[in-house]
2 protein chains.
Amino acid sequence: MATTGGKNSSGAGDPARTLELLWRDSAAAPAARRGPRQGLTVDAVVDAALALADGGGLDALTMRAVAQRLGVTPMTLYTYVPGKSELLDLMLDAVFLRMDRPPFGPEQPWRDRVTSVADANRALHLRHPWLVDLRIVRAPLGPGVMAKYEYELAAFEGLGLDDVARDSALTFVLGSVQAGARAELDARAVERESAMSDGEWWAAHEPLLARVFDGARFPLASRVGEAAAVAYGGLYDAEHAYAFALARVLDGLAALGTP
Amino acid sequence: MATTGGKNSSGAGDPARTLELLWRDSAAAPAARRGPRQGLTVDAVVDAALALADGGGLDALTMRAVAQRLGVTPMTLYTYVPGKSELLDLMLDAVFLRMDRPPFGPEQPWRDRVTSVADANRALHLRHPWLVDLRIVRAPLGPGVMAKYEYELAAFEGLGLDDVARDSALTFVLGSVQAGARAELDARAVERESAMSDGEWWAAHEPLLARVFDGARFPLASRVGEAAAVAYGGLYDAEHAYAFALARVLDGLAALGTP
DNA sequence: GGGTACTCTATACAACGTACAGAGTTATGG
DNA sequence: CCATAACTCTGTACGTTGTATAGAGTACCC
């Protein structure tokens with residue numbers, strides 16, 4: 001087990017400053033600034049941070065590492081960004097903004113649309129594993145967050161939902177996807193870190209687990225646990241879990257329209 | 001925004017040692033040990049850790065704080081527990097083990113049973129806010145984890161699911177609950193930290209958000225976002241979100257039985 | 001051409017988990 | 001009975017983190 005226990009709190013900073021950054025309010029600052037020209041841009045900082053986090057997770061994202069990647073001193077970053085939490089805000093908005101948003105066809109059934117939203121979000125989380133470790137306390141309302149929200153709400157057209165229910169439905173879908181992605185990423189991480197596949201691990205410690213699979217004490221758990229393990233070849237089958245969850249989510253939403 | 005970015009990885013330690021600890025294998029050690037009697041117990045350490053984490057989250061859970069609470073030096077803890085990640089394993093198993101598990105009546109419809117499982121898990125997450133920050137990479141198969149799994153699997157009796165599907169269904173339900181709990185805890189945290197309610201925050205920064213609620217650029221988002229905000233009184237309504245998600249989950253599961 | 005606002009750097013601090021070395025204590029083997 | 005081995009608990013120390021603070025140098029404004 002691992003945590004992501006950290007300071008890293010946000011929303012703490014001045015929200016006005018954060019919003020300026022998110023929308024890259026060059027208008028807010030005078031066109032001609034005084035001292036030396038800046039050698040970098042906010043985007044460069046964000047991109048460097050993204051490269052680090054995408055590759056090595058939030059653990060690899062340190063201000064020192066970002067600075068080194070950009071060839072500057074750590075403290076230089078604070079000229080571009082008020083702190084690490086604001087940098088995370090910017091990273092989040094950036095990956096949201098860059099998501100593909102193919103327009104929905106007017107004839108496309110809502111199940112297809114919601115499925116494609118779910119698929120896109122799963123892919124997003126797998127490409128940016130640090131996303132699941134982010135605690136989005138007060139969503140940074142940047143262009144990416146807004147564009148994503150706007151687009152994804154449209155997927156629920158034709159379900160007969162009022163506005164409030166539509167927001168709830170989207171939250172519900174995204175929550176399910178995120179939960180699945182989290183489990184999947186955790187499973188991947190453990191294989192990488194222990195250099196041992198799930199199956200190998202289980203085999204290696206089978207003797208110790210005799211009491212766990214004690215059919216007398218835990219009849220259901222041992223039976224179902226083993227059935228699941230056998231079905232997936234000893235591995236947690238993320239693909240299967242995702243397909244199952246998505247089907248349930250869609251059916252659950254469908255039941256809204258047919259009371 | 002905040003993270004829980006941290007080392008704190010587990011499964012890293014010797015799994016045999018962890019299992020011994022989880023099941024409190026006093027049998028594994030000789031009855032009479034050599035040096036001085038131990039002044040504490042593993043349970044005392046776990047309880048101290050739980051008190052800290054329940055009150056202040058994972059940020060408050062430091063080895064130094066646990067030690068201070070027990071009146072010992074930080075390093076003393078390492079006599080009882082190999083490291084922090086194993087301590088987290090023990091904490092997780094402990095709170096699972098202590099959950100209430102009222103037996104299901106044989107006549108009780110599955111919807112009631114699954115609802116009570118969901119309710120119990122929501123309550124668990126709200127009582128132990130650090131749970132959502134834990135990355136359960138390789139579930140520590142202690143008595144608590146097993147008992148919980150055994151109990152919760154029983155809730156799906158009568159749905160006509162095979163063993164593999166039953167495991168998937170449980171995972172799906174727990175994932176939804178956890179996603180909701182996470183959002184709820186994040187919402188709470190931000191109110192506490194900023195000493196500003198969601199409504200106050202929005203009001204204070206409304207001018208800055210003009211472009212966000214630009215009806216021309218984000219017609220759906222601004223309309224739906226505002227409708228949701230008005231419906232909840234400006235606040236994220238966790239109760240509503242939970243009820244909505246649970247109803248969808250149950251309907252989604254119901255669709256399994258009626259093809 | 002000062003003064004001022006800026007950029008970037010160097011140093012420093014308080015946390016964190018825990019490695020390491022030791023001092024003191026107890027059961028065990030000769 | 002006593003030396004030794006095994007154990008508990010402590011003190012100190014290291015490397016890593018985010019970032020406060022102070023200063024050196026640079027470019028624009030009046």
Side-chain angles (χ1 to χ4, degrees), chain A residues 1-10 12-14 17 26 28-42 44-45 49 52-53 56-89 91 133, chain B residues 1-10 12-14 17 26 28-42 44-45 49 52-53 56-68 70-89 133:
Chain A
M1 166 163 328
T3 71
T4 58
K7 291 284 92 52
N8 293 349
S9 85
S10 137
D14 178 14
R17 176 76 201 281
S26 45
R33 303 162 61 92
R34 264 194 211 184
R37 295 280 143 73
Q38 290 194 300
L40 302 170
T41 61
V42 173
V45 174
L52 286 167
L58 245 30
D59 286 351
L61 181 68
T62 69
M63 297 303 269
R64 285 168 169 87
V66 174
Q68 189 176 25
R69 182 172 251 269
L70 293 168
V72 292
T73 310
M75 289 310 293
T76 299
L77 301 177
Y78 291 86
T79 313
Y80 298 88
V81 148
K84 193 181 186 183
S85 65
E86 287 83 358
L87 178 53
L88 288 167
D89 285 346
M91 292 166 63
D133 291 330
Chain B
M1 167 161 330
T3 70
T4 59
K7 289 288 92 53
N8 293 346
S9 84
S10 135
D14 178 15
R17 177 76 202 281
S26 44
R33 302 164 60 91
R34 261 189 216 190
R37 294 283 141 72
Q38 291 195 300
L40 302 170
T41 61
V42 173
V45 173
L52 286 167
L58 243 30
D59 286 351
L61 181 67
T62 69
M63 296 303 269
R64 284 168 167 87
V66 174
Q68 188 175 27
L70 293 168
V72 292
T73 308
M75 288 311 293
T76 299
L77 300 177
Y78 291 85
T79 313
Y80 297 88
V81 149
K84 195 183 185 182
S85 65
E86 287 82 359
L87 178 54
L88 288 167
D89 285 346
D133 291 330

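Proteins get letters first, then strands, A, B, ... in listed order; numbering begins at 1 in each.
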The contact string for nucleotides 22-30 of chain D, one letter per nucleotide 5' to 3', using protein heavy atoms under 4.0 Å with B, S and - for base, sugar-phosphate only and none, comes out as ---BBSBS-
Output the distance between atom [atom1] ([X]) and atom [atom2] ([Y]), rounded to the nearest 0.5 Å.
X: Asp133(B); Y: Leu61(B); atom1: CG; atom2: CG; value: 11.0 Å
X: Thr62(B); Y: Gln68(B); atom1: OG1; atom2: CD; value: 8.5 Å
X: Asp59(B); Y: Leu52(B); atom1: CG; atom2: CG; value: 12.0 Å

Can you tell me the distance, in whole Å, between the [atom1] atom of [X] and the [atom2] atom of [N]?
X: Gln68(A); N: dT16(D); atom1: CD; atom2: P; value: 12 Å
X: Met63(B); N: dA15(C); atom1: CE; atom2: P; value: 18 Å
X: Leu77(B); N: dT8(D); atom1: CG; atom2: P; value: 13 Å
X: Gln38(B); N: dA6(D); atom1: CD; atom2: C1'; value: 13 Å
X: Leu40(B); N: dC7(D); atom1: CG; atom2: P; value: 18 Å
X: Tyr78(A); N: dT21(D); atom1: OH; atom2: P; value: 13 Å

Taking all non-hydrogen atoms of both residues into account, name the closest pair between [X] and [Y] and its distance.
X: Pro74(B); Y: Arg64(B); value: CG-CG, 3.8 Å
X: Gly83(A); Y: Met63(A); value: C-CE, 4.4 Å
X: Gln38(B); Y: Thr79(B); value: NE2-CG2, 3.4 Å
X: Ala65(A); Y: Ala60(A); value: CB-O, 3.8 Å

Check every strand shown and say whether Leu61(B) touches a base, only sugar-phosphate, or nothing at a heavy-atom separation below 4.0 Å. sugar-phosphate
Counting the atoms with a prime plus P, OP1 and OP2 as sugar-phosphate, which does Thr76(A) contact under 4.0 Å by heavy atoms, base, sugar-phosphate, or nothing? base
Please check: side-chain N/O of Tyr80(A) versus main-chain N/O of Leu40(A), any donor-acceptor pairing under 3.5 Å? yes
Can you check whether Thr76(A)'s main-chain N or O pairs, donor with acceptor, with Thr73(A)'s side chain at less than 3.5 Å? no
Taking five pairs at each terminus, the helix from dG1(C)-dC30(D) to dG30(C)-dC1(D) shows an axis bend, to 10°, of 20°
Residue mapping more 5' on DNA chain C - nearest nucleotide basis, Met75(B) or Pro74(A): Pro74(A)
How do Thr62(B) and Thr79(A) order along DNA chain C: which one's closest nucleotide is nearer the 5' end? Thr79(A)
With a cut-off of less than 4.0 Å, is there a side-chain N or O of Tyr80(B) near OP1 or OP2 of dC9(D)? yes
Ranking Val72(B) and Arg64(A) by the position along DNA chain D of their nearest nucleotide, the one closer to 5' is Val72(B)
